[in-house]
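Single-structure report; data block below.
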Amino acid sequence: MTGSIVLFGPPGAGKGTQASLIAEITGKPPVSTGDMLRSALSEGTELGVEAKAFMEAGKLVPDEVIIGLIRERLKEPDASKGVLFDGFPRTILQAEALEEITEVSAVISIEVPDDEIVDRIIGRRMDPVTGEIYHVSFKPAPIEIHDRLVQRKDDTEETVRSRLDGYHKQTKPLGNWYGERGLLITIDGTGSILEVGALVTSAVNTL
Ligand code: ADP
Ligand code: ADP
């Protein structure tokens with residue numbers, strides 16, 4: 001399959017957690033707009049400066065900024081056989097722009113209700129050394145690395161509510177948009193990380 005795959009779902013649904021598994025099965029490099037923006041922010045680039053206030057408020061970064069970022073990323077040689085998008089597109093305008101850049105072969109939507117999202121996001125921790133995503137209860141990190149774990153600045157209860165609100169208003173309609181195009185595969189994301197991983201694996205194997 002030469003097209004790209006989109007991982008879709010609310011913030012905290014488990015997209016990043018499942019992305020490495022899908023990347024391993026398909027050989028497609030994961031492209032996370034959230035990770036790209038966070039690197040820009042920590043490096044203090046122009047993009048980072050532009051995105052900072054939106055990210056900290058739990059609001060979407062403007063479409064034209066994100067589309068420019070993706071256009072550049074897809075020029076890299078490793079993207080020639082398609083990539084695995086995580087957290088992009090998030091608006092219909094972004095999806096329309098993507099149609100001009102690359103072919104989307106499938107959209108895997110991980111579905112999790114809002115109440116579970118809040119618990120997942122508030123307990124999320126990241127290892128800055130390996131990039132691994134942990135959770136204080138659902139995926140505890142090994143004790144040796146506890147000191148270096150970081151919590152994202154936007155992973156607070158208040159910001160989560162704003163991100164969920166934005167998701168329902170701006171991003172969820174995009175699921176239907178892909179559904180109308182026959183590309184949407186929905187997965188129940190409420191099980192354990194391993195259970196969701198098994199569902200994701202069988203969905204990817206049917207592509
Ligand atoms: P997203 O990339 O969609 O924002 P993450 O993959 O970062 O989501 O997951 C959010 C948090 O929820 C992380 O702390 C992760 O460890 C945890 N998590 C992911 N999948 C599950 C699951 N199936 N059950 C419980 N917790 C999960
Ligand atoms: P999560 O999946 O946990 O919401 P991400 O890491 O995907 O987090 O995104 C973090 C923040 O980066 C978002 O709240 C938003 O401000 C910005 N962002 C990431 N991807 C996009 C996108 N495709 N469009 C607009 N803003 C984005």
Side-chain angles (χ1 to χ4, degrees), residues 6-23 30-42 47-48 50-71 73 84-98 108-127 131-141 149-156 158-172 174 187-200:
V6 171
L7 254 180
F8 185 80
K15 301 182 296 296
T17 299
Q18 302 298 341
S20 41
L21 184 65
I22 304 177
V31 171
S32 156
T33 39
D35 285 349
M36 291 165 84
L37 292 168
R38 277 184 292 278
S39 312
L41 216 136
S42 67
L47 168 69
E50 205 172 351
K52 190 171 191 273
F54 294 102
M55 293 175 78
E56 287 180 356
K59 298 214 158 51
L60 291 186
V61 172
D63 286 330
E64 60 277 15
V65 175
I66 297 289
I67 293 163
L69 190 66
I70 289 296
R71 206 182 286 284
R73 176 64 185 87
L84 173 65
F85 289 111
D86 164 7
F88 174 87
R90 264 170 146 107
T91 62
I92 290 175
L93 212 137
Q94 290 179 16
E96 285 171 345
L98 184 61
I108 300 174
S109 171
I110 304 181
E111 304 201 324
V112 179
D114 288 7
D115 290 346
E116 282 186 49
I117 291 294
V118 175
D119 292 342
R120 287 190 188 184
I121 288 197
I122 288 171
R124 170 159 59 189
R125 300 291 182 273
M126 294 232 258
D127 178 359
E132 187 73 28
I133 307 162
Y134 292 100
H135 189 281
V136 289
S137 322
F138 309 138
K139 188 180 175 184
L149 292 181
V150 292
Q151 182 170 21
R152 272 168 52 177
K153 216 173 172 180
D154 59 343
D155 278 352
T156 61
E158 197 193 350
T159 311
V160 172
R161 297 284 171 202
S162 153
R163 282 153 71 195
L164 276 173
D165 194 47
Y167 169 75
H168 286 291
K169 289 191 183 126
Q170 295 167 278
T171 306
K172 212 170 172 210
L174 181 57
I187 299 247
D188 176 0
T190 58
S192 68
I193 293 176
L194 281 177
E195 284 164 345
V196 178
L199 294 175
V200 164

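Read the numbers this way: they start at 1 and go in the same order the structure lists the ligands and their atoms. Predicted model, so just to flag it, every value in this text is computed and none were measured.
Looking at heavy atoms from C-beta onward, T156 lies out of side-chain contact with E56 at the 4.5 angstrom threshold. The shortest distance between side-chain heavy atoms of I193 and Q18 falls below 4.5 Å. Side-chain contact check for I121 versus T159: every heavy-atom pair is 4.5 Å or farther apart.
Only the backbone of S192 comes within 4.0 Å of ligand 1, judged by heavy-atom distances. Contacts between L37 and ligand 2, counted as non-hydrogen atom pairs separated by less than 4.0 Å, involve the side chain only. Contacts between I66 and ligand 2, counted as non-hydrogen atom pairs separated by less than 4.0 Å, involve the side chain only.
Each of the following atoms of ligand 2 lies closer than 4.0 Å to a heavy atom of R124: 3 (O). Within ligand 1, counting atoms from 1 as listed, the ones closer than 4.0 Å to a heavy atom of V196 are 23 (N). Atoms of ligand 2 lying under 4.0 Å from at least one heavy atom of R38, given by number and element, are 6 (O), 10 (C). With ligand atoms numbered from 1 in the order given, ligand 2 contributes 19 (C), 20 (N), 21 (C), 23 (N) to contacts under 4.0 Å with heavy atoms of T33. Near K59, meaning under 4.0 Å from one of its heavy atoms, ligand 2 places the atoms 15 (C), 16 (O). Atoms of ligand 2 lying under 4.0 Å from any heavy atom of G34, numbered from 1 in the order shown and given with element: 5 (P), 6 (O), 9 (O), 19 (C). Near F138, the atoms of ligand 1 lying under 4.0 angstrom from a non-hydrogen atom of the residue are 25 (C), 26 (N). Using a 4.0 Å cut-off to heavy atoms of G191, the atoms of ligand 1 that qualify are 22 (C), 23 (N), 24 (N).
The shortest N or O to N or O distance between V61 and ligand 2 is below 3.5 Å. Remark: ligand 2 and G87 share an N or O pair separated by less than 3.5 Å (distance only, no angle test). Considering both main-chain and side-chain atoms, I121 never comes within under 3.5 Å of ligand 1 through any nitrogen or oxygen pair.
No more than 12 heavy atoms of other residues, nucleotides or ligands lie within 6.0 Å of CZ in R71, so this atom counts as exposed by the packing criterion.
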* To do: For D114 and H168, run side-chain contact (heavy atoms from CB on, under 4.5 Å): C-alpha distance rounded to whole Å, both residues' side-chain angles, the deciding distance at 0.1 Å, then the answer.
  => CA-CA 10 Å; D114 288 7; H168 286 291; 3.0 Å; yes
* Evaluation steps, side-chain contact (heavy atoms from CB on, under 4.5 Å), between F85 and L98 -> CA-CA 11 Å; F85 289 111; L98 184 61; 3.7 Å; yes
* side-chain contact (heavy atoms from CB on, under 4.5 Å) between D127 and L149, worked out -> CA-CA 5 Å; D127 178 359; L149 292 181; 4.1 Å; yes
* Give the intermediate values and the outcome of side-chain contact (heavy atoms from CB on, under 4.5 Å) for residues K52 and L37. => CA-CA 9 Å; K52 190 171 191 273; L37 292 168; over 6 Å; no
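Residues D154 and R124 are not paired through a salt bridge, judged by the lack of any N-O separation under 4.0 Å between the basic side chain and the carboxylate.
The two residues D188 and L199 make their nearest non-hydrogen contact at O-CD1, 3.5 Å. Summarising the geometry of A97 relative to I67, their closest heavy-atom pair is CB-CD1, 3.6 Å, with the distance given to 0.1 Å.
The protein atom (non-hydrogen) at minimum distance from atom 11 (C) of ligand 1 is R120 O, 3.5 Å. What sits closest to atom 14 (O) of ligand 1 on the protein, heavy atoms only, is Y134 O, 2.8 Å. With respect to atom 24 (N) of ligand 2, the closest heavy atom belonging to the protein is Q94 NE2, 3.0 Å. Nearest protein heavy-atom contact of atom 20 (N) of ligand 1 is I193 CG1, 3.5 Å. Of the protein's non-hydrogen atoms, the one nearest atom 8 (O) of ligand 1 is G14 N, 3.1 Å. Among all non-hydrogen protein atoms, the one lying nearest atom 15 (C) of ligand 1 is T17 OG1, 3.8 Å.
Under the 30°/60° scheme for interplanar angles, the aromatic rings of H135 and F138 are found to lie parallel.
For S20, there are no side chain to side chain donor-acceptor pair (under 3.5 Å) partners, not counting sequence neighbours.
Remark: among candidates K15, R90, K52, Q170, the nearest residue to atom 7 (O) of ligand 2 is R90, based on non-hydrogen atoms. Across G16, G12, S20, G9, heavy-atom proximity to atom 4 (O) of ligand 1 is greatest for G12. Of the options R163, R152, E56, the smallest heavy-atom separation from atom 5 (P) of ligand 2 is shown by R152.
Under a cutoff of 6.0 Å and an axis angle of 45°, K139 and Y134 form a cation-pi pair.
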